[in-house]
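Read through the structure below, which is laid out as structure tokens, and then see the notes.
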2 protein chains.
Amino acid sequence: MALFLSTYVNKVDKKGRVSVPSRFRSVLVDKGFETVVLFPTINGDAIDACGMDVMENLLEKIGGFDPLSEDRESYADVLMSDAIELAVDGDGRIMIPLDMLIDADIKAGGQCAFVGRGDSFQIWNPDAFAARKKLAQERTRSRRAAGAGSNGGSDDE
Amino acid sequence: MALFLSTYVNKVDKKGRVSVPSRFRSVLVDKGFETVVLFPTINGDAIDACGMDVMENLLEKIGGFDPLSEDRESYADVLMSDAIELAVDGDGRIMIPLDMLIDADIKAGGQCAFVGRGDSFQIWNPDAFAARKKLAQERTRSRRAAGAGSNGGSDDE
DNA sequence: TGGATTATCATGGGATTTTACGGAAGTCAA
DNA sequence: TTGACTTCCGTAAAATCCCATGATAATCCA
């Protein structure tokens with residue numbers, strides 16, 4: 001199975017076009033897609049990206065359409081309404097809508113980081129991602145130091 | 001079953017290419033892989049290498065993509081964003097990304113050690129690995145002298 | 001057995017292809 | 001036409017493929 005792995009930093013040109021990393025494109029093609037679905041991350045820091053399959057799974061998970069129920073997981077609705085499906089053009093690029101770029105603090109003419117997450121990926125302002133990653137690493141380390149202990153004593157892995 | 005055993009030291013050429021030891025290549029083929037997945041060891045000293053199965057298991061364990069949860073197990077995210085799947089080329093070589101080489105203190109044009117660990121292997125700066133090995137041996141010796149005895153000897157994992 | 005022949009392997013150096021990315025020309029609707 | 005978007009083409013750098021070489025290990029055969 002193909003997974004979205006690793007991190008690639010690409011340039012957003014002044015028209016707002018970005019090359020989707022070729023590895024990520026291959027994964028999409030492997031899954032049988034020629035489009036990507038984008039939507040804001042739940043806390044708005046970045047942009048979530050995936051194939052249409054993930055959207056379908058999500059819809060299934062939240063129960064699909066039920067005209068009798070008034071409240072479905074409300075964020076899921078917002079998510080669907082914010083999501084957009086983008087075609088990857090002949091040169092492997094997509095055009096991320098301006099408001100999404102602004103929300104994720106990515107400037108046209110600047111750079112953005114494509115971050116693999118396995119079955120999906122995210123698009124970040126590179127600096128913001130670096131900061132977040134550092135945080136996550138520290139959290140992991142302190143958690144390990146705190147009590148994980150487990151084996152003979154070496155903290156190597 | 002085939003295991004990654006022994007240690008091989010190969011040269012990293014100036015383009016960043018390294019021959020994967022032929023024994024290790026055979027093991028990979030035996031397991032049904034034509035690619036290797038690399039990611040930094042948890043403490044950043046070296047590079048971990050395994051087959052794609054490990055990544056897939058990890059993804060399954062963390063439950064896959066859920067846009068509704070603010071952050072899933074953060075170490076898993078860091079791992080996916082740092083990991084990379086590399087194809088072994090026709091000559092049995094891989095191209096390790098530059099930043100990984102730097103983090104592991106391996107210079108292009110220098111050497112690196114492929115260290116078997118059974119169902120996975122690691123890639124080290126040869127000197128760093130030698131030092132670490134010596135340390136582990138001393139630790140084991142003093143522990144045996146102290147009386148513990150117990151398992152195979154190394155407390156590595 | 002021992003010496004010659006033949007694989008296999010690690011490694012170097014081109015040559016070719018791919019990729020990211022800029023710009024120009026074409027398309028379409030208002 | 002104007003502005004927004006799309007398709008097309010050119011380029012430089014990087015990744016990948018292809019073949020040559022030397023070294024070592026395996027094989028063969030008188």
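- The backbone N or O of A/D105 lies less than 3.5 Å from a partner atom in the side chain of A/N125, making a donor-acceptor pair.
- For the pair B/I96 CD1 and D/dT16 P, the interatomic distance rounds to 13 Å; values are reported in whole Å.
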Donor-acceptor list for residues 14-21 of chain A side chains, cut-off 3.5 Å, not counting sequence neighbours:
{"from": "A/R17", "atom 1": "NE", "to": "A/D13", "atom 2": "OD2", "distance (Å)": "2.8"}
{"from": "A/R17", "atom 1": "NH2", "to": "A/D13", "atom 2": "OD2", "distance (Å)": "3.1"}

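- Of the charged side-chain nitrogens involved, none lies within less than 4.0 Å of a carboxylate oxygen, so that B/K31 and B/D119 do not count as a salt-bridged pair.
- Put simply, CZ on A/F121 and CG on A/L5 are 12.5 Å apart, with the number rounded to the nearest 0.5 Å.
- Nearest nucleotide to the side chain of A/R17, out of D/dC5, C/dG22, D/dC18: C/dG22.
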Generate the contact string for nucleotides 15-21 of chain C. Rules: B means base contact, S means sugar-phosphate contact only, - means no protein heavy atom under 4.0 Å. ----SSB
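- Every residue two or more places apart in sequence or in another chain that forms a side-chain contact (heavy atoms from CB on, under 4.5 Å) with B/S6 is listed here: B/Y8.
- Residues that satisfy the side-chain contact (heavy atoms from CB on, under 4.5 Å) test with B/S26, not counting sequence neighbours, are absent from this structure.
- Between the CG atom of B/D89 and the P atom of C/dC9 there is a distance of 14 Å, rounded to whole Å.
- The residues A/R132 and A/D45 are annotated as not salt-bridged, no charged nitrogen and carboxylate oxygen being separated by less than 4.0 angstrom.
- For the contact set between residues 97-107 of chain B and DNA chain C, defined by any heavy atom under 4.0 Å, there are no members.
- Residues forming a side-chain contact (heavy atoms from CB on, under 4.5 Å) with B/I102 (at least two apart in sequence, or on another chain): B/L98.
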